[in-house]
2 protein chains.
Amino acid sequence: MSNAFLQRLTHAAVLSDEELAAVEELCRQPKDVAAKKYLSRDGDEMVSFPVVLSGWAARYQILRDGARQITRLLLPGDAFYFDSSPDGVAIEEVITLSSCRIVNILHADMRRVIDRFPAVGEAMRSYGSMENAVMASWVVNVGRRDALERMAHLICEAHYRLSLVDPKLDEQMFFPLTQDDLADALGLTPVHINRKLQQLRQDQLITLRSKQLIIHDLRSLQQVAGFDSAYLAPRTQTPRDEERLKAIAA
Amino acid sequence: MSNAFLQRLTHAAVLSDEELAAVEELCRQPKDVAAKKYLSRDGDEMVSFPVVLSGWAARYQILRDGARQITRLLLPGDAFYFDSSPDGVAIEEVITLSSCRIVNILHADMRRVIDRFPAVGEAMRSYGSMENAVMASWVVNVGRRDALERMAHLICEAHYRLSLVDPKLDEQMFFPLTQDDLADALGLTPVHINRKLQQLRQDQLITLRSKQLIIHDLRSLQQVAGFDSAYLAPRTQTPRDEERLKAIAA
DNA sequence: CGCTAGGTTGACGATTCTCAAGGTCAGTGG
DNA sequence: CCACTGACCTTGAGAATCGTCAACCTAGCG
């Protein structure tokens, strides 16, 4: 089973076998976490950062009136790395949306690897750029798209990001978000999500049932969303990357 | 005249005189740029990244239908560092909102400094965390706050971030955003901005005239906004930081 | 077999948008 | 010196998207 985190970094920068192995070394003690569990809570001391190896999680904030806004999805390969204030205290909550396989990497350990292999630091910086691009696209999504476009865009983004880590992903995918989750991710109400979801179904664009999402017409869905994958386009993987990742996982 | 970028990094991490001097070295050739000029355009090769030493700039995206969404404000001390795709191509546009003093730092030069002084890399990572926190708060702002709250929040954020770089900032500040800019930053229309701005004025919270903003009652404004500065709270500066920055600027 | 999380539907209301017109003010050229 | 221009701001009326409230349905699960 290959490591989604290494896969992500491979998309971010060219790393030598030695460098990949050093990162892999950090992922030696994964643990399984059930759905709806906190990975970090507001105010926690962040001596380590979680990396999602499989499953979905979400970062969110709660407002005074109890409203929740999800600010980012953590898909397989994503790290909660650039997300603590300088004094090392978590400022947002992270919750699993499905059962997940998680590694907690000590900041000190990662730092040691980066000191030894600056290219790893570069890869993390590059990964941070992609995170940044995703967050910016969320601001655009919530700020300037209507409900239908937002939903379509979120689905396109998730599908595209998953395809980076799982090259053999087809039109069917695991999609654990409830309508309440979708509402909190897109800045809408569950009722409105429900209605627009029905419209996407009626337009023959998707099927969504018991956490399985089928995209019937990706091209049209992207058209509706105004989705252009360029903003999170990876460095193109070299043909050898895949076999190298396998070798290291072994 | 002290360097806003060094000031920012000082808030992000503890840096030695030597490390600060190395970064200062990178800022030796600033240039003055007029308002409404592009700092980088979609598709530009990003061999260097701009740092704003004074003035305001904005990152934004344009949608198919011509709508614009500002995704981030670049205030003095901010860097456009985590913002290129892995192949080094700019994915968003950056435009000056006022006349600005800008330095373009070569990625290669920054990398050399980081290789020599890993703490600078840590400071940049920490700066990236703050950027990330700001972007997340924008998602929350646009996703879950109404028009009045959004405006109040943007003002509080700008005021707070400016105060980090200019400790003697009082209730009056330079605020170059037009109502159209505000609309594009907050995901609203200029007409609605106008109306809610009047409400903020009527409520005796602010005065805004010819790019000068006066906050009459910061506490109440924060109350309206639901603003809590914790999410971008810096490492508390040591008393000596200020004099050290002065010494290096000399 | 009932409980509960999650999904669906309807009626009504509110925030925000659209369109369209007019106003102010600083700068510019005749 | 003054009319003109363009950027920016203001105002009104009507429409649309989205929200609120409240009820009911469905399916998985202990």
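Worth knowing before you read on, the calculation uses all heavy atoms, side chains too, and leaves out hydrogens, waters and symmetry mates. Worth saying up front: this structure is predicted, and the values here are computed from it rather than measured. Every chain is numbered from 1 and lettered A, B, ... according to where its sequence line falls, protein lines coming before strand lines.
- Residue Q198(B) places none of its side-chain N or O atoms closer than 4.0 Å to OP1 or OP2 of dC9(D).
- Atom NZ in K36(B) sits roughly 12 Å away from atom C1' in dG6(D) (whole-Å rounding).
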Give the intermediate values and the outcome of side chain to side chain contact (heavy atoms under 4.5 Å, CB included) for residues F5(A) and I105(A).
CA-CA 12 Å; F5(A) 184 45; I105(A) 297 181; 4.1 Å; yes

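- Using a 4.5 Å cut-off on side-chain heavy atoms (C-beta onward), R59(A) and F80(A) make contact.
- Judged by closest nucleotide on DNA chain C, P190(A) is the one of P190(A) and R144(A) placed further toward the 5' end.
- What separates CG of L197(A) from P of dG6(C) is a distance of 15 Å, to the nearest Å.
- Comparing S210(A) and G187(A) along DNA chain D, the residue whose closest nucleotide (by nearest heavy atom) sits nearer the 5' end is G187(A).
- Regarding contacts with the backbone of dC9(D), every side-chain N or O of K196(B) stays at 4.0 angstrom or more from both OP1 and OP2.
- Between R201(B) and dT10(D), a side-chain N or O to OP1/OP2 separation shorter than 4.0 Å is present.
- Close to dT26(D), at under 4.0 Å from its OP1 or OP2, lies no side-chain N or O of R209(A).
- The distance between atom CZ of R150(A) and atom P of dT17(D), rounded to the nearest whole Å, is 13 Å.
- Side-chain contact check for S129(B) and N132(B): no donor-acceptor pair (N or O, by modelled atom type) lies under 3.5 Å.
- Residues D203(B) and K196(B) are not paired through a salt bridge, judged by the lack of any N-O separation under 4.0 Å between the basic side chain and the carboxylate.
- L74(B) contributes atom CG, which lies 7.5 Å from atom CD of E131(B) (distance to the nearest 0.5 angstrom).
- With respect to the salt-bridge test (charged N to carboxylate O, under 4.0 angstrom), the residues K168(B) and D170(B) do not qualify.
- Nucleotide dC25(C) holds its C1' atom 17 Å from the CD atom of Q212(B), rounded to whole Å.
- Taking 4.5 Å as the limit, some side-chain heavy atom of L106(A) sits within range of a side-chain heavy atom of S48(A).
- Proximity of Q179(B) to the phosphate of dA7(D): no side-chain N or O atom is located under 4.0 Å from OP1 or OP2.
- If you take NE2 of H192(A) and P of dT9(C), they are 15 Å apart, rounded to a whole angstrom.
- Protein atom CG of D180(A) is 14 Å distant from nucleotide atom C1' of dG19(D), rounded to whole Å.
- Each end of the helix from dC1(C)-dG30(D) to dG30(C)-dC1(D) gets its own axis, taken as the rotation carrying the C1' atoms of four end pairs onto the next four within a five-pair window, and the two axes meet at 30° to the nearest 10 degrees.
- Residue L186(B) contributes atom CG, which lies 18 Å from atom P of dT15(C) at whole-angstrom precision.
- Distance L148(A) CG to dA16(D) P: 18 Å, rounded to the nearest Å.
- For dT10(D), one of the phosphate oxygens OP1 or OP2 lies less than 4.0 angstrom from a side-chain nitrogen or oxygen of N194(B).
- Taking 4.5 Å as the limit, every side-chain heavy atom of I214(B) sits out of range of all side-chain heavy atoms of Q212(B).
- The listed nucleotides are dT9(C), dC17(C), dT15(C); the one nearest the side chain of R195(B) is dC17(C).
- Comparing dG7(C), dT11(D), dC8(D) against the side chain of T178(A) picks out dG7(C) as the nearest.
- Nearest nucleotide to the L188(B) side chain, out of dG6(C), dT9(C), dT16(C): dT16(C).
- Heavy atoms of K211(A) sit nowhere under 4.0 angstrom from any nucleic acid atom.
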